[in-house]
Every structure is written in C-alpha cells, then in structure tokens.
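Model, not experiment: these values are computed from the prediction. Residue numbers begin at 1 in each chain, while the letters A, B, ... track the order of the sequences.
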There are 2 protein chains.
Amino acid sequence: MPDRTDRVAQQLWGFVYDYDAAYERAARAVGLSTAQACLLKAVADGPRTMGEIATELLCDASNVTQVVTRLEARGLVTRQPGRADRRSREVAITAAGAELDRSARQAFRFPRERIGRLSADDQQTLSTLLETLAAPDS
Amino acid sequence: MPDRTDRVAQQLWGFVYDYDAAYERAARAVGLSTAQACLLKAVADGPRTMGEIATELLCDASNVTQVVTRLEARGLVTRQPGRADRRSREVAITAAGAELDRSARQAFRFPRERIGRLSADDQQTLSTLLETLAAPDS
DNA sequence: TATTGTTATACTCTATAACTATA
DNA sequence: TATAGTTATAGAGTATAACAATA
C-alpha cells in the first residue's frame with residue numbers, strides 16, 4: 001500500500017475523530033447520549049419497530065428496549081403495539097422528542113461548518129468522491 | 001444553507017457511520033473494545049501519562065484509570081511511576097500490547113479498502129480537501 | 001495550596017440467555 | 001414451532017466527588 005494512501009487514511013482518522021467528538025458534544029448539549037440521539041434520529045421520519053431500530057443502529061434488540069425505555073420515561077417517544085403483527089411494537093417520536101431532535105441537529109454544527117469552508121465546486125468534488133467512498137462493499 | 005451542503009453532510013454522515021462500525025468490528029475481532037483499541041493506539045508510539053491519555057482521548061482521568069487497569073490485567077500495558085514527577089504514571093505498551101495493536105490496525109481494512117477505490121489523482125484531491133476540512137476551528 | 005492519579009459510586013451502553021406473547 | 005420483544009444479568013465505558021500522594 002503506497003505512502004499516499006496511508007497519509008490520506010491518517011487524515012481521515014483525524015477528521016472522523018473530530019466529527020464523532022463534535023456529535024457527542026452536540027448530543028450532550030441537549031441532554032442526550034449519542035445512543036439516545038441516534039435512536040431519536042432513527043424514528044424522526046416516522047414510527048419504526050424495535051427490530052427495525054436494532055437493524056438500523058447495528059445493535060441487539062435488548063439494547064433498543066433499554067434505550068427506548070429511558071426515552072419513553074422522558075416523554076420523547078411512545079411505544080405502541082403494532083396493528084398488523086401484535087407481537088411487534090411501533091416506536092413513535094413525540095412532539096417533545098421531535099423538538100429535541102431538531103435541537104440536537106442544530107447543535108451539531110460541525111459538518112455544515114466544515115463543508116462550508118469549501119467552494120461550491122469543491123463541495124461538488126467532495127460529493128462525487130464520497131459517492132465512490134461510501135458505496136457498499138459488494 | 002444550500003441544498004448542496006445538506007446533501008454532502010448526509011453523505012458524510014453515512015460514511016462516518018460505516019467507518020465507525022468498521023472500526024468497532026475490527027477492535028472486537030481482536031478482542032478489544034473501541035475504547036481499549038484507542039488507548040492502545042495512544043501509547044503505541046511511546047509511553048504517556050494518564051493525563052496525557054485523558055487529553056488525547058477526550059475523557060476524564062478516572063476513566064483512563066479504569067481502562068488502563070483492564071489492559072494492565074491482560075498484560076497489554078504497564079504502569080510505572082514517572083521519574084521526574086512522581087505523582088504521575090507512565091503507561092507503556094508491552095510486546096503483547098504492540099502485537100495486538102498491529103492486529104487491530106490490520107483488521108481495520110475499511111479506510112485502505114475505500115481509499116484504494118480512488119485513482120492516485122483522486123486520492124490527492126481528497127487529501128487536499130481533507131486538509132481544509134480537518135483544520136482546527138480557530 | 002495545587003496537581004496527578006485513584007477510589008467509590010452511579011448511570012448508561014451493550015450483549016447473552018431465558019422468558020412471554022403472539023403468529 | 002418460530003418470531004418480536006422483554007427481563008434478568010453482567011461487563012464495560014463514562015463522569016462526579018472525595019481522597020491520597022506528591023509537588
């Protein structure tokens with residue numbers, strides 16, 4: 001592997017490090033852990049079942065149960081039996097949850113600030129590169 | 001904020017999401033948590049004090065104490081009183097720790113695989129963009 | 001008196017295994 | 001019998017406050 005690739009990999013590590021740290025701070029700033037903020041984001045566009053959330057968040061269903069329980073206790077989400085399959089549960093965001101989700105997104109200024117440093121052309125170039133970089137494995 | 005910026009921000013979120021997941025899997029694959037892998041990496045280039053590690057890892061010193069205690073119990077790092085200031089402790093990586101650190105880096109193929117998709121020219125372009133994106137705030 | 005690190009404690013995240021309810 | 005979710009439990013990460021040792 002060439003030196004060049006290594007150098008870019010190192011730059012990328014540093015950038016992701018800062019990105020993650022900024023997200024963590026944004027979540028904290030509005031009183032959420034990163035796991036809670038991610039779950040809220042996962043149900044922001046509409047109700048999801050526990051299983052769908054577990055898949056989205058790449059974690060175990062029992063984990064989702066616990067995080068949802070805490071968010072529910074704070075009135076940020078609700079948990080209702082599914083209509084079709086009554087074994088499942090639909091997790092829906094509440095008005096308060098949606099408000100907090102918006103606050104968290106606003107507090108996470110990092111991506112907009114960093115991307116905003118680039119010219120329109122450079123943003124387009126980055127977007128094109130990311131299309132290649134982000135494409136799934138196989 | 002223009003649509004374009006939003007779109008790039010969304011692509012970036014997805015990429016960082018996959019990056020973090022891949023790092024977590026690589027660490028697990030060699031029997032480490034991400035926190036442990038990061039600490040090992042932090043002392044891979046030479047001994048560091050608890051305080052230095054806490055600063056590097058953006059966490060509390062009491063946290064470092066606990067992670068180091070676990071790594072020390074597994075023989076991956078040692079903890080010695082500092083020579084100059086005897087209040088401080090020098091955390092040094094052991095041969096076994098260095099070996100595991102190397103394994104973890106190797107298992108983390110994600111960045112090399114993704115960057116390797118780009119031509120040499122595109123890698124250079126990405127590197128230049130990252131220079132701007134990664135520069136500190138002020 | 002100030003600083004470095006540890007201890008005690010508490011909360012959250014996370015997974016595994018056993019369980020309940022429904023299909 | 002299989003699946004969706006929960007409960008019980010346990011280990012790890014994380015921070016705050018009180019503390020010990022050293023400066």
Side-chain angles (χ1 to χ4, degrees), chain A residues 17 20-21 23-43 47-74 76-92 104, chain B residues 17 20-21 23-25 27-43 47-74 76-92 100 104:
Chain A
Y17 204 87
D20 287 341
Y23 187 69
E24 209 274 342
R25 266 183 285 116
R28 288 254 172 254
V30 301
L32 295 170
S33 67
T34 57
Q36 290 166 349
C38 284
L39 199 153
L40 224 46
K41 183 189 176 90
V43 296
R48 297 284 184 276
T49 65
M50 305 297 283
E52 286 167 348
I53 296 171
T55 300
E56 164 83 21
L57 267 43
L58 308 172
C59 72
D60 193 82
S62 65
N63 188 8
V64 176
T65 295
Q66 302 221 52
V67 178
V68 166
T69 298
R70 289 187 200 103
L71 292 177
E72 193 183 27
R74 290 170 61 180
L76 302 174
V77 301
T78 60
R79 183 163 25 183
Q80 308 245 322
R83 324 118 320 243
D85 185 339
R86 279 170 47 192
R87 289 173 302 181
S88 73
R89 302 294 192 104
E90 298 275 351
V91 180
Chain B
Y17 204 87
D20 286 342
Y23 187 69
E24 210 272 342
R25 269 183 282 115
R28 289 254 173 253
V30 301
L32 294 170
S33 67
T34 57
Q36 290 167 349
C38 284
L39 199 153
L40 224 45
K41 182 188 175 92
V43 297
R48 296 284 184 276
T49 66
M50 305 296 284
E52 285 166 349
I53 296 170
T55 300
E56 165 83 19
L57 267 43
L58 309 171
C59 72
D60 192 81
S62 66
N63 190 6
V64 176
T65 296
Q66 303 220 54
V67 180
V68 166
T69 297
R70 288 185 200 107
L71 293 177
E72 194 183 26
R74 290 171 61 181
L76 302 175
V77 300
T78 60
R79 182 162 27 183
Q80 307 244 321
R83 320 119 322 241
D85 184 339
R86 280 171 48 191
R87 287 173 303 181
S88 73
R89 301 293 192 105
E90 298 274 352
V91 179
L100 202 57

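- Read 5' to 3', the first and last nucleotides of DNA chain C with an atom closer than 4.0 Å to a heavy atom of chain A are dT12(C) to dA23(C).
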Produce the list of close N/O pairs, under 3.5 Å, pairing protein atoms with atoms of nucleotides 19-23 of chain D; give distances to one decimal.
unit_1, atom_1, unit_2, atom_2, d
dA23(D), OP1, R86(B), N, 2.9

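- The only option from R48(B), R83(B), Q80(B) that meets the side chain to side chain donor-acceptor pair (under 3.5 Å) definition with E90(B) turns out to be R83(B).
- Going from atom CZ of R89(A) over to atom OG1 of T78(A) covers 11.0 Å, rounded to the nearest 0.5 Å.
- The nearest pair of heavy atoms linking E56(B) to A42(B) is CG-CB, 4.1 Å.
- Atoms CZ (R25(A)) and P (dT14(D)) sit 15 Å apart, rounded to a whole Å.
- Between the P atom of dG5(D) and the CD1 atom of I53(A) lies a distance of 9 Å, rounded to the nearest Å.
- Counting distance only, with no hydrogens placed and no angle test, the side-chain atoms of S62(B) and the base atoms of dT16(D) include a donor-acceptor pair under 3.5 Å.
- Between the OG1 atom of T34(B) and the CZ atom of R25(B) there is a distance of 13.0 Å, given to the nearest 0.5 Å.
- Across all strands, R28(B) comes closer than 4.0 Å to no nucleic acid atom at all (heavy-atom distances).
- Side chains of T69(A) and R79(A): a donor on one and an acceptor on the other come within 3.5 Å.
- If you take CZ of R70(B) and C1' of dG13(D), they are 7 Å apart, rounded to a whole angstrom.
- In this structure, P47(A) and V91(A) have side chains that are not in contact, with every pair of non-hydrogen atoms separated by 4.5 Å or more.
- Toward the 5′ end of DNA chain C lies the nearest nucleotide of V64(B), the other residue of the pair V64(B) and T34(A) mapping further downstream.
- One can place CG of D60(A) at 17 Å from P of dA12(D), the figure rounded to the nearest angstrom.
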Next item on the list: Before giving the answer on side chain to side chain contact (heavy atoms under 4.5 Å, CB included), spell out for C38(B) and K41(B) the whole-Å C-alpha distance, their side-chain angles and the decisive distance to 0.1 Å.
Entry: CA-CA 5 Å; C38(B) 284; K41(B) 182 188 175 92; 5.5 Å; no
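- Protein atom CZ of R79(A) is 10 Å distant from nucleotide atom P of dG5(D), rounded to whole Å.
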Item checked: Audit row: N63(B), V67(B), side chain to side chain contact (heavy atoms under 4.5 Å, CB included) steps and yes/no -> CA-CA 6 Å; N63(B) 190 6; V67(B) 180; 3.9 Å; yes
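- Heavy atoms of T49(A) sit under 4.0 angstrom from primed sugar atoms or phosphate atoms, though from no base atom.
- In terms of phosphate contacts, S88(A) brings no side-chain nitrogen or oxygen within less than 4.0 Å of OP1 or OP2 of dA4(D).
- Within the nucleic acid shown, Q36(B) comes within 4.0 Å of sugar-phosphate atoms alone, with no base atom in reach, counting heavy atoms only.
- The phosphate of dG13(D) (OP1 or OP2) has no side-chain N or O of N63(B) nearer than 4.0 angstrom.
- With rounding to the nearest 0.5 Å, the separation of CG in L40(B) from CG in L100(B) is 6.0 Å.
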